[in-house]
Amino acid sequence: MSEFDLIRRYFTWEDPPSELRISVGDDAAVLSMAANEELIISVDTSVSGVHFPIDTPAHAIGYKSLATNLSDLAAMGATPRWFTLALTLPEKNEAWLSEFARGLRELADSAAIFLIGGDTTRGPLSITIQVMGSAPKGTALLRSGAQVGDLIAVSGYLGEAAAGLAVLQQGLKLNTLANDQHCLQRLNYPTPRLALGEWLRVRAHSCMDISDGLLADLNHLLTRSQVGAELYHQNLSYSPALQALSLDQQLSYMLTGGDDYELLFTIPPILKPELLAYGQANDLNISIIGIITETAGELVLDYPLNNLTNGYNHF
Ligand code: ADP
Ligand code: MG
């Protein structure tokens, strides 16, 4: 299989969206945008053995490489539109490639994002995806907008992916095999919270996605917004899959584990009922875990940080 065949077979998609004048096959893609839209762009590289374990199934690698990028678009409140894929492959393994492409396509179709080009080279396995999204001018969500008195909220159950990595690499055993599997699934197939991000676009004061652990990422948001935060650990949503672990262990994964790809955002208190109703209507766990305070950069947690050592430490 030549490189040309490979690109045509796996990465030349049919039915391009109408605004896409030129897609895969030319020297560059050509597309047009509406005048009232802004383009929102992010790029991330996943390296085998660094960002995912070497033996991760190809389907999961395809899915997750796109998912982590889509999570950045979700964090900005962007609508996914197009992406490029720069693939470095150690060999032309058709079985691997078709599984990779299937995982990639599965998520791309469900998120309505279209592959418009890329690059294919030989070398140690590495996947670079650049996503492009759009939002009406001036409406993108930022890390810098948090205001004193805002409620701090997160989506989903934090800590499951970090526990999944511990199951894989540290022999962690949860109380049931099903819970082990669930956490591994959350590690390999994170869910970019795209609909929530778009819903928050006209509502949240600030937003980001959690990839390096809640505490570390919240610190970035506080710095950008020049505010502080108080967190109440009992307000977090505790994953049923982790319930057999000690509270210290659960909170270690939840607060400092990586790979959650949930949204962390702040809203004015008046929107609390609407937010909770949104979560219920969409079967999405939303927890209000704290409040934004005045002291710039100060993060107060009502639980001793020294206890958070049993879990996987991302740093
Ligand atoms: P060039 O040498 O001009 O960069 P390439 O041979 O790298 O051309 O790419 C040919 C076409 O295939 C381009 O349109 C490029 O965007 C596309 N392409 C190459 N690799 C990929 C890939 N992994 N996924 C999607 N499109 C790709
Ligand atoms: Mg090229």
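Just so you know, residue 1 is the first one in the sequence shown, and it goes up from there. First listed ligand is number 1; within each ligand, the first listed atom is number 1.
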Would you say [X]'s side chain and [Y]'s backbone share a donor-acceptor pair under 3.5 angstrom?
X      : Y      : result
Thr88  : Thr121 : no
Asp180 : Leu174 : yes
His182 : Ala178 : no

Practice task
Please state whether the rings of Trp13 and Phe114 are parallel, tilted or perpendicular, taking 30° and 60° as the class boundaries.
Solution key: perpendicular
Fill in the blank from the handout: Under 4.0 Å between heavy atoms, the region of Val24 that gets near ligand 1 turns out to be both
Practice task
Please state which part of Thr84 comes within less than 4.0 Å of ligand 1, counting heavy atoms only: side chain, backbone, both or neither.
Solution key: neither
Practice task
Look at atom NZ of Lys272 and say whether more than 12 heavy atoms of other residues, nucleotides or ligands are closer to it than 6.0 Å.
Solution key: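 12 or below, so no.
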Handout entry: Any N/O pair Gly118/ligand 1 closer than 3.5 Å
Key = yes
Problem - Thr120, any N or O under 3.5 Å of ligand 1 N or O - result: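 Yes, since at least one N or O of Thr120 sits under 3.5 Å from an N or O of ligand 1.
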Practice task
Could you tell me which atoms of ligand 1, counted from 1 in the order shown, lie closer than 4.0 angstrom to a heavy atom of Asp27?
Solution key: 3 (O)
Practice task
For Gly25, counting its heavy atoms only, list the atoms of ligand 1 lying under 4.0 Å from any of them.
Solution key: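 So the answer, numbered in order with elements, is 11 (C), 13 (C), 14 (O).
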Exercise for the section: Indicate yes or no: at least one non-hydrogen side-chain atom of Thr79 is less than 4.5 angstrom from one of Ser134. Expected result: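 Side-chain contact under 4.5 Å: yes.
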Exercise for the section: May I ask which of Ile116, Ile129, Asp119 has a heavy atom nearer to atom 21 (C) of ligand 1 than the others do? Expected result: Asp119
